[in-house]
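The structure displayed is predicted, hence computed values, not measured ones. Chain identifiers are assigned alphabetically (A, B, ...) following the order of the sequence lines, protein sequences preceding nucleic acid strands; residue numbering begins at 1 within each chain. What's counted below: heavy atoms across the whole structure, side chains too, no hydrogens, waters or symmetry copies.
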There are 2 protein chains.
Amino acid sequence: MSDLEIRPATAEDLPAIVAMLADDPLGAQRESPDDLAPYLIAFERLANDPNQHVVVAVRGDKVVGTLQLTIIPGLSRRGTTRSIIEGVRIHSDERGSGLGTQLIEWAVEESGRQDCRLVQLTSDVTRTDAHRFYERLGFEATHVGFKKSI
Amino acid sequence: MSDLEIRPATAEDLPAIVAMLADDPLGAQRESPDDLAPYLIAFERLANDPNQHVVVAVRGDKVVGTLQLTIIPGLSRRGTTRSIIEGVRIHSDERGSGLGTQLIEWAVEESGRQDCRLVQLTSDVTRTDAHRFYERLGFEATHVGFKKSI
C-alpha cells in the first residue's frame, strides 16, 4: 500500500468524510451524504476554531480515515488541558489495516504537542469491538458517558 | 435561603472554585488549593475562548457551585453542535438542596441557546449517586467513557 498522510481536512474533503460518517451502523440513520450544506456550515466553524482539529488520513489521493480532535482547557486537575477525540471513521476498504491505530496514535501525539495531559473519548456501548481496540491502545474505561438530546 | 445567581466566573472566584474542586473524594488527590498559579493560567485561557463557559452559582455573596460548559461544533449528525459539561461541583453546605439540578438545567438551557442539539458528560464509574442524578435529569448512559493520561 502507498504511504499514508494525516493532514488537516479541507472543504474539498467533505464528500469523502460524510460518506465515511454515513457508512456505519449508527451513522447510516443520522447522516445526509446527498446534502452537504449543513456539513459545510459546520466545517467553516471548525476551521475557524484554533482548538478544533479535523484531520483526514489520505493514501494515494484517496481519503481513507478521519477524526476530530478538540482541545479543552480546564480548571480541574490543577488547570489540566485535555483533548477529546470524536468522529473516528475508517474507510471500509481499510478496516483491519492498522489505520485506526495510526489515527488514534496521531491524535494522542498531537494532544501532547498541544500540552494536553489527558485524552478522552466516548464510544457507544454497542461498539464492543471499538472498546477492545481503545483498551489495546492504553485507554481505560473509567467513566460512564451520558447524553441528552435537546 | 437567599436567591441563587448563576453567572460567568471571574478570576476573583478562583479560590472558591478550587476549594470546591478539592473538596471531593477524587479531587482531593488532584488539586492544589494552596497554589492557585496553575489555575490562573488555565482561567485566562478559558476566559479568552468563546466556546468555553465556566460559571459559578452564587447565593448571597458566597460561591456555592460551579461547572464548565464547552461548546463543540462537529461534522457528524449533519453538522450537529454538541456541548460537554465538566467540572460540576456543589459546595458541601448545599448538597441535597437542589442546586445541582439548577446548575445542570442551566447548562442544558444554555446549550440550547448556543444551538447545541446534544449535551454530553462523563461521570467516573465510582460516582453511582451522580449517575442516578443525571438519569433523573433525562440523561441516558449510552456510552463508555475512555481516558488515557499522557
Side-chain angles (χ1 to χ4, degrees), chain A residues 14 17-18 21 27 30-32 35 38-43 45-46 49 51-52 54 66 68 70 72-82 84 86-87 89 108 111-112 116-125 127 131 134-135 137-150, chain B residues 14 17-18 21 27 30-32 35 38-43 45-46 49 51-52 54 66 68 70 72-82 84 86-87 89 108 111-112 116-125 127 131 134-135 137-150:
Chain A
L14 279 178
I17 293 172
V18 177
L21 292 174
R30 296 175 183 162
E31 308 299 342
S32 65
D35 174 17
Y39 301 96
L40 271 162
I41 293 167
F43 186 77
R45 187 164 172 191
L46 289 159
D49 184 337
N51 287 327
Q52 292 292 347
V54 179
T66 183
Q68 175 181 353
T70 302
I72 303 191
L75 294 176
S76 61
R77 299 174 184 238
R78 305 187 77 238
T80 289
T81 299
R82 61 187 78 197
I84 294 187
E86 290 267 2
R89 292 294 185 281
V108 171
S111 299
C116 300
R117 294 288 164 267
L118 204 58
V119 184
Q120 296 180 192
L121 60 90
T122 67
S123 181
D124 193 284
V125 291
R127 299 193 198 265
H131 303 171
Y134 290 120
E135 283 170 347
L137 291 175
F139 286 82
E140 286 182 88
T142 54
H143 281 59
V144 180
F146 290 88
K147 275 196 167 56
K148 182 183 169 84
S149 294
I150 58 174
Chain B
L14 279 177
I17 293 172
V18 176
L21 292 173
R30 297 174 182 162
E31 308 299 343
S32 64
D35 174 17
Y39 300 96
L40 271 163
I41 293 167
F43 186 78
R45 188 165 173 190
L46 289 159
D49 184 337
N51 287 327
Q52 292 291 348
V54 179
T66 183
Q68 175 181 354
T70 303
I72 303 191
L75 294 176
S76 61
R77 301 175 184 235
R78 306 187 77 236
T80 290
T81 299
R82 62 187 76 198
I84 294 187
E86 291 267 3
R89 291 294 186 282
V108 170
S111 298
C116 301
R117 293 288 164 265
L118 204 59
V119 184
Q120 295 179 194
L121 59 90
T122 67
S123 181
D124 192 285
V125 292
R127 298 192 199 265
H131 303 170
Y134 290 121
E135 283 169 346
L137 291 175
F139 286 82
E140 286 181 89
T142 55
H143 282 61
V144 180
F146 290 88
K147 275 195 166 59
K148 181 182 168 84
S149 294
I150 58 174

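- Interface residue Glu31(B): backbone and side-chain heavy atoms are both found under 4.5 Å from chain A.
- If you measure heavy-atom distances from Arg82(A) to chain B, the contacts under 4.5 Å come from the side chain alone.
- The minimum heavy-atom distance linking Thr80(B) with Arg77(B) is given by the pair OG1-O, 2.5 Å.
- With chain B as the partner, the residue from Arg30(A), His131(A), Arg117(A), Arg78(A) showing the most heavy-atom pairs under 4.5 Å is Arg78(A).
- Counting heavy-atom pairs closer than 4.5 Å to chain B, the top residue among Val144(A), Leu121(A), Ile17(A), Val54(A) is Val144(A).
- Across Ser149(B) and Leu118(A), no two heavy atoms sit closer than the pair OG-CD1, 3.6 Å.
- Contact count against chain B (heavy-atom pairs under 4.5 Å) is highest for Ser32(A) among Gly112(A), Cys116(A), Ala42(A), Ser32(A).
- Contact record, Glu135(B) with Ala141(B): OE2-CB, 3.9 Å, taken as the closest heavy-atom pair.
- Asn51(B) and Asp49(A) share a donor-acceptor pair across their side chains, judged by distance under 3.5 Å alone.
- Using a 4.5 Å cut-off between heavy atoms, Leu40(A) does not touch chain B at all.
- Across Leu21(B), Leu75(B), Ile72(B), the residue that shares the most heavy-atom pairs under 4.5 angstrom with chain A is Leu75(B).
- Most heavy-atom pairs under 4.5 Å with chain B: of the set Gln52(A), Gln120(A), Arg89(A), this distinction falls to Gln120(A).
- With hydrogens and angles ignored, the 3.5 Å screen pairs a side-chain donor or acceptor of Lys148(A) with a backbone N or O of Leu137(B).
- Contacts between Glu86(A) and chain B at a heavy-atom distance below 4.5 Å involve the side chain alone, from C-beta outward.
- In terms of heavy-atom pairs under 4.5 angstrom with chain B, the leader among Gly145(A), Gly87(A), Ser111(A), Gly79(A) is Gly145(A).
- Contacts between Ser76(A) and chain B at a heavy-atom distance below 4.5 Å involve backbone atoms as well as side-chain atoms.
- Tyr134(A) meets the ring-ring contact (aromatic ring centres under 6.0 Å, His included) test with Phe139(A), Phe146(B); sequence neighbours excluded.
- Listed by first and then second residue, the side-chain hydrogen bond (donor to acceptor under 3.5 Å, both in side chains) pairs that reach into residues 137-146 of chain A are His143(A)-Lys147(B), sequence neighbours excluded.
- A heavy-atom distance below 4.5 Å is found between the side chains of Thr81(A) and Arg45(B).
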